[in-house]
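All figures in this text were calculated on a predicted structure; none of them were measured in a lab. Side-chain atoms are counted along with the backbone in the values below, which use heavy atoms only and exclude waters and symmetry mates.
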Amino acid sequence: MRQSSRPVSQRRGRPPGLAGGPPPDASTPHNRLALAIHRSGKTLRDIREETEGQPALTTIRRHLDPEGVWNPGLIERLAPVLGVSAQWLFFGDTVEAKGHSESDLVTIPYYNARASAGFGSVCDQESPTQMRFPRGFVSEDLGLQASAVLIVTAEGDSMLPTIRSGDRLVIDTRETARIEGVYAIVMRGALFVKRVSRTEAGFLVQSDNPIYPPETFRAEDTVFGTPVDGHSLTIIGRVAWCLHRV
């Protein structure tokens with residue numbers, strides 16, 4: 001039987017550093033989680049015992065899989081056990097809040113809804129995870145108003161190459177008269193991220209991937225902000241920033 005040339009720690013989606021290999025780098029969320037575990041010196045069983053709710057070991061291992069989908073609520077519970085912030089696990093040093101006073105931090109909701117860059121997903125109303133960021137990062141670096149920002153995850157291929165599946169999308173929900181760019185929208189009850197522009201009669205919704213056909217919506221069938229029954233298109237907000245692994 002042919003043997004794999006990769007180290008054992010890198011087979012089956014396991015990040016390096018958890019099986020005696022070198023510690024992982026911090027380039028991706030899954031690697032940062034593996035790195036935090038490596039630095040803590042704790043076993044997965046120790047971490048399970050110390051984590052609120054005592055998640056199954058298979059659940060923790062699934063969050064170490066580079067292809068695995070994260071549960072923000074679990075990451076929030078794992079972070080203090082590992083001695084790091086949830087922000088660092090999600091986004092890295094760019095928005096690490098350590099060392100900032102309470103007055104320097106703002107809270108932004110992270111929804112475990114996946115804005116489909118494809119065929120759409122049901123947009124369930126749920127309590128978001130509250131993420132804390134340095135105030136200057138949000139207002140100066142991103143040019144946004146913290147009270148009007150939320151974060152979701154992209155899924156699918158219809159916005160390639162602009163947005164990739166798994167990208168975290170920072171959404172500016174402030175309503176403006178000018179609609180031109182990439183937006184988080186709800187079409188017929190499903191959450192999408194698409195390119196939206198005004199037309200004489202309403203709005204044109206397009207994908208950057210040409211295999212997906214465009215759609216048009218009348219102005220009277222469109223609302224801004226919160227989805228309303230009887231309206232087939234809701235514009236949630238503009239995608240102001242996109243975080244993805246390099």
Any side-chain to backbone donor/acceptor pair from Ser207 onto Asn209? Under 3.5 Å, distance only. no

Passes side-chain contact (heavy atoms from CB on, under 4.5 Å), Tyr212 versus Asp157? Steps please. CA-CA 10 Å; Tyr212 294 88; Asp157 64 356; 2.3 Å; yes

If you count every heavy atom of other residues, nucleotides or ligands that lies below 6.0 Å from Arg174 atom CZ, does the total exceed 12? yes

Sub-3.5 Å donor-acceptor pair from the side chain of Thr51 to the main-chain atoms of Gln54, do we have one? no

Report the residues that fulfil side chain to side chain donor-acceptor pair (under 3.5 Å) with Glu215, sequence neighbours left out, ordered by chain and then residue number. Arg188

Taking atom NE2 of His63 and atom OG1 of Thr58, what is their separation to the nearest 0.5 Å? 10.5 Å

Start with the C-alpha gap between Phe217 and Val196, add the side-chain angles, then the distance that decides, and say whether side-chain contact (heavy atoms from CB on, under 4.5 Å) holds. CA-CA 10 Å; Phe217 294 85; Val196 182; over 6 Å; no

Between Glu50 and Lys42, is there a side-chain N and carboxylate O pair less than 4.0 Å apart? yes

Please check if the side chain of Arg198 supplies one atom and the backbone of Phe203 the other of a donor-acceptor pair under 3.5 Å. no

Residue pair Ala79 / Ala86: nearest heavy atoms and the distance that separates them: CB-N, 3.6 Å

Any side-chain heavy-atom pair from Leu64 and Ile37 closer than 4.5 angstrom? yes

Heavy-atom neighbours of Glu49 CD exceed 12 at 6.0 Å: yes

Run the numbers on Val239 and Val193 for side-chain contact (heavy atoms from CB on, under 4.5 Å), then give the verdict. CA-CA 8 Å; Val239 177; Val193 54; 3.8 Å; yes

Heavy-atom check, side chain of Val149 versus side chain of Ile171, under 4.5 Å: no

Are Met187 and Leu204 co-members of a hydrophobic cluster defined by side-chain heavy atoms under 4.5 Å apart? no

Side chains of Tyr110 and Leu150, heavy atoms from C-beta outward: is any pair under 4.5 Å? no

With no hydrogens and no angle check, just 3.5 Å: does a side-chain donor-acceptor pair link Tyr183 and Arg195? no

Spell out, as yes or no, whether a donor-acceptor pair under 3.5 Å connects the side chain of Asp167 to the backbone of Arg164. yes

Just by modelled atom types, is the Asp65 backbone N or O under 3.5 Å from a matching donor or acceptor in the His30 side chain? yes

Quick one: pull up CD1 in Ile108 and CG in Leu105 and give me the separation to the nearest 0.5 Å. 11.0 Å

Quick one: salt bridge (charged side-chain N to carboxylate O under 4.0 Å, His left out) partners of Arg61, sequence neighbours excluded? none

How close do Glu180 and Ser197 get, heavy atom to heavy atom, and via which atoms? OE1-CB, 3.3 Å

Main-chain N/O of Ala146 paired to Arg135 side chain as donor or acceptor, under 3.5 Å: no

Under a 3.5 Å distance rule, please check whether Arg168 uses its side chain to pair with a backbone N or O of Gly166 as donor and acceptor. yes

Looking at every heavy atom in both Ser40 and Ile47, which two are closest together, and how far apart are they? OG-CD1, 4.5 Å

Kindly give the heavy-atom pair with the smallest separation between Leu144 and Ala240, and that separation in Å. CD2-CB, 3.8 Å

When rounded to the nearest 0.5 Å, the distance separating OG of Ser158 from NZ of Lys194 is 3.0 Å

Would you indicate whether the side-chain heavy atoms of Ile235 and Val186 approach each other to under 4.5 Å? no

Keeping Thr173 on the side-chain end and Ala148 on the backbone end, is there a donor-acceptor pair under 3.5 Å? yes

Checking Val84 against Leu78 for the side-chain contact (heavy atoms from CB on, under 4.5 Å) test, could you report, in this order, the C-alpha distance in whole Å, the side-chain angles of both residues, the deciding distance, and whether it holds? CA-CA 9 Å; Val84 297; Leu78 287 173; over 6 Å; no

Please check: side-chain N/O of Arg218 versus main-chain N/O of Gly202, any donor-acceptor pairing under 3.5 Å? no

The reported gap from OG1 in Thr153 to CG in Leu169 (rounded to nearest 0.5 angstrom) is 7.5 Å

CD1 of Ile75 to CZ of Arg32: how many Å apart, nearest 0.5 Å? 10.5 Å

If you measure from CZ on Arg238 to CD on Glu175, what distance do you get to the nearest 0.5 Å? 14.0 Å

Thr234 to Phe224 - nearest heavy-atom pair and separation: CG2-C, 4.4 Å

Considering non-hydrogen atoms only, spot the tightest contact between Ile185 and Val205 and give its length. CD1-CG1, 3.8 Å

